[in-house]
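Here's the structure, in structure tokens; my notes come after.
One-based numbering, in listed order, for ligands and for the atoms of each. Because the structure is a prediction, the values reported are computed rather than measured.
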Amino acid sequence: MNNKFEADTGKILDIVINSLYSEREIFIRELISNASDAIDKKKYLSLTDKSIDDTANPFEINIEIDNKEKCIVISDNGIGMNEEDLKNSLGTIARSGTKAFLDQMKDSKEKGDVNLIGQFGVGFYASFMVSDSVEVTTKKAGESDAWKWISDGRNGFNIEKSSKDTSGTQVKLFIKNDAKEFLESSRVQFVVKKYSDHISYPVKLIEIGKKDSKEETINEASALWTRPPKDIKNEQYDEFFSHIGAGFGKPLLTLHNNTEGTISYTNLLCIPSTRPFDLFNPERKSSLKLYINRVYITDKCDALVPAYLRFVKGIVDTQDIDLNVSREMLQNNPAVAKISKSLVGKVLRELKKLSEKDKDKYKEIWNQYGPVLKEGLYEDMERKEALLELCRFSTNDGDEFISLNEYIESMKDKQKDIFYISAETKTQALSSPHLEVFKSKGVKVLVMSDAIDQFWLSMAGQYKEKNFVSITHGELNLDDIKSSDDKKGGKKKPDDKKYLTLIAQLKMSLGDKVKDIRISSKLTDSPSCLVADKGDMDVAMESLMMQRDPEYKGAPRILEINPEHQLILNMNKLMDNKKNNELVNDAGMLLFEQARMMEGKLPNDPAQFAKVMNSFLVKSVN
Ligand code: ADP
Ligand code: MG
């Protein structure tokens with residue numbers, strides 16, 4: 001073989017060749033899927049390019065079984081490939097999906113995941129599961145040369161000139177000895193019915209060299225979304241979604257509607273049960289497929305749904321857009337805008353319905369896609385309220401999945417605000433000293449641990465006239481909210497004045513590491529915590545900025561100390577007796593650094609921290 005496979009491609013071939021017998025049938029699905037895509041492309045091209053006109057030739061996919069030669073040929077009259085396409089698509093150049101597929105296979109414990117191959121854009125290689133060698137003969141529409149690609153799936157591939165009358169592709173599989181089952185027409189027919197019934201083009205099967213064998217169309221051959229929902233089985237939906245690359249298995253939600261009115265369109269959408277591997281790709285693009293009157297136009301029409309719904313997969317078909325519109329112009333097309341508006345409303349309404357009807361299912365959706373949906377909270381002001389209603393949170397109270405409405409219902413007497421705590425992880429949030437007073441008063445605090453939370457919270461303002469208030473930001477007054485165990489209105493606030501000299505001493509020793517030092521009304525168990533000043537950035541937002549820009553230092557914080565903690569009481573006593581300022585300074589440093597650590601940060605000066613810490617330890621451990 002003249003051309004070697006690119007290294008990662010070789011690894012994929014290794015995986016498919018060694019995959020389980022029971023899954024090998026999917027090669028038929030993958031090859032039919034490619035044939036159908038190729039016909040879609042040609043159909044679109046022939047709309048604009050008059051030199052490409054094959055209307056005399058009805059679009060179809062053919063399967064020939066040749067028992068004598070022990071081969072299967074799957075052919076289409078689609079777009080075809082030229083020499084360069086062949087090289088790029090079937091061998092040398094690493095495509096983005098290749099690595100993602102390998103990563104997925106590495107992570108999965110079961111080998112069964114080879115079924116996912118199509119989702120990663122490497123489905124063609126599935127043909128090597130059943131073949132000793134594969135020959136692809138192809139001619140690109142509008143070109144005169146035909147090409148043949150040959151490979152045994154191990155040593156690389158050859159490309160040579162060939163001849164072919166019409167444009168399209170023919171994939172010839174020389175079937176392995178242990179895969180002879182696929183030379184039986186009933187077996188092939190069964191697999192086509194199972195996976196490819198929804199394909200819009202006829203799939204025809206014929207057995208060569210067999211007496212009385214007739215060509216037979218073995219699929220339904222009409223686009224699935226054009227059929228009435230009541231006639232469609234769940235498995236057919238599932239297969240359709242896997243064909244269009246929307247993931248495998250049962251979708252969490254399926255939406256099949258026909259809308260008529262100021263704008264008419266059909267949508268067949270799903271929310272996949274597993275996250276697409278490129279969900280957090282920075283380009284954040286939707287990939288809904290747009291059809292105009294059954295003709296596939298593009299999957300790059302971002303205007304169809306906003307980025308925060310990019311996890312919704314599927315197709316939209318409309319007659320209200322001119323077939324001749326160029327793909328570039330679609331972005332600003334008023335009909336697309338109308339469809340988008342209607343579609344987004346529909347998806348959000350369905351999600352809300354589901355959240356009321358089937359909490360468990362909704363929870364799964366939220367766990368997979370919640371952080372993506374939240375992007376809408378600052379990108380789509382018009383629907384902020386509807387989106388907030390869909391949001392779910394965990395809390396300091398052990399809730400895993402509480403809505404804002406439920407939060408409001410659980411609010412204490414005189415509680416005016418919706419409290420939240422931001423942190424990089426949920427565990428970190430839950431161990432924060434800031435939560436202590438809320439725990440003692442039985443007030444719920446929402447945990448915000450998705451990076452995205454910082455962005456929408458800084459703009460969210462209110463929900464149902466209640467402010468979102470960060471408990472690590474500014475000064476909180478919870479005096480009005482009574483704790484569950486004392487009915488008289490809470491503990492007496494300690495007299496701040498008693499601590500003035502201690503605070504002055506600590507301010508001097510900590511210097512500009514802190515913005516201010518004050519007595520806390522929040523702490524019950526811990527001696528200290530750090531608070532962002534009112535006008536400054538909230539703690540978690542600042543961490544986020546620091547991750548992005550290592551130069552960014554952030555603003556100094558306010559150190560709050562707990563007047564009832566034994567350590568603070570002792571330090572205060574030392575001050576009153578005018579004894580040992582050095583000891584107070586050292587303790588102050590430890591108070592400050594441990595407050596930082598509770599936010600997941602390292603001490604400013606780890607060496608100094610360890611030194612002071614050890615000198616304290618020496619005194620107590622002897
Ligand atoms: P995917 O279909 O997801 O892109 P595949 O591995 O199945 O991944 O196919 C790789 C590429 O090879 C396709 O994107 C296409 O460009 C090309 N290809 C495969 N089969 C055909 C065909 N029958 N006609 C034209 N191009 C094809
Ligand atoms: Mg494919």
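When each of Lys204, Lys210, Lys211 is tested with Glu207 by the rule salt bridge (Lys or Arg N to Asp or Glu O under 4.0 Å), just one qualifies, namely Lys210.
Note on the Mg ion (ligand 2): protein N/O/S atoms under 2.8 Å are Asn34 OD1.
Here the two rings, on Trp149 and Phe124, have centers that are under 6.0 Å apart.
Not one N or O of Lys41 is nearer than 3.5 Å to an N or O of ligand 1, by distance alone. Geometrically, ligand 1 and Leu90 share no nitrogen or oxygen pair separated by less than 3.5 Å. The shortest N/O to N/O separation between Asp37 and ligand 1 does not fall below 3.5 Å.
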- After noting the C-alpha distance and the side-chain angles of Glu23 and Met129, does the key distance pass the side chain to side chain contact (heavy atoms under 4.5 Å, CB included) rule? CA-CA 9 Å; Glu23 343 187 277; Met129 295 202 269; 5.6 Å; no
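Contacts between Thr138 and ligand 1 below 4.0 angstrom, taking non-hydrogen atoms only, are absent altogether. Looking at Val122 against ligand 1, only its backbone comes within 4.0 Å, counting heavy atoms. Within the 4.0 Å heavy-atom criterion, the part of Asp76 lying near ligand 1 is the side chain and not the backbone. When heavy-atom distances to ligand 1 are checked against a 4.0 Å cut-off, Glu30 has no atom that comes that close, whether in backbone or side chain.
With ligand atoms numbered from 1 in the order given, ligand 1 contributes 5 (P), 6 (O), 7 (O) to contacts under 4.0 Å with heavy atoms of Phe124. Interface atoms of ligand 1 facing Gly123, defined by a heavy-atom separation under 4.0 Å, are 5 (P), 6 (O), 7 (O), 8 (O).
There is a side-chain donor-acceptor pair under 3.5 Å between Asn258 and Thr266.
Considering CG of Asn219 and CD1 of Ile32, their distance stands at 7.5 Å, rounded to 0.5 Å. Atom NE2 of residue His198 and atom NZ of residue Lys233 lie 13.0 Å apart, to the nearest 0.5 angstrom.
The number of heavy-atom neighbours closer than 6.0 Å to CD of Gln547, taken from other residues, nucleotides and ligands shown, is above 12. Within a 6.0 Å radius of CD in Glu181, more than 12 heavy atoms belonging to other residues, nucleotides or ligands are found.
The aromatic rings of Tyr369 and Phe311 lie parallel to each other, with less than 30° between the two planes, well short of the 60° mark.
Closest of all the heavy-atom pairs between Ile232 and Arg227 is CD1-O, 3.7 Å.
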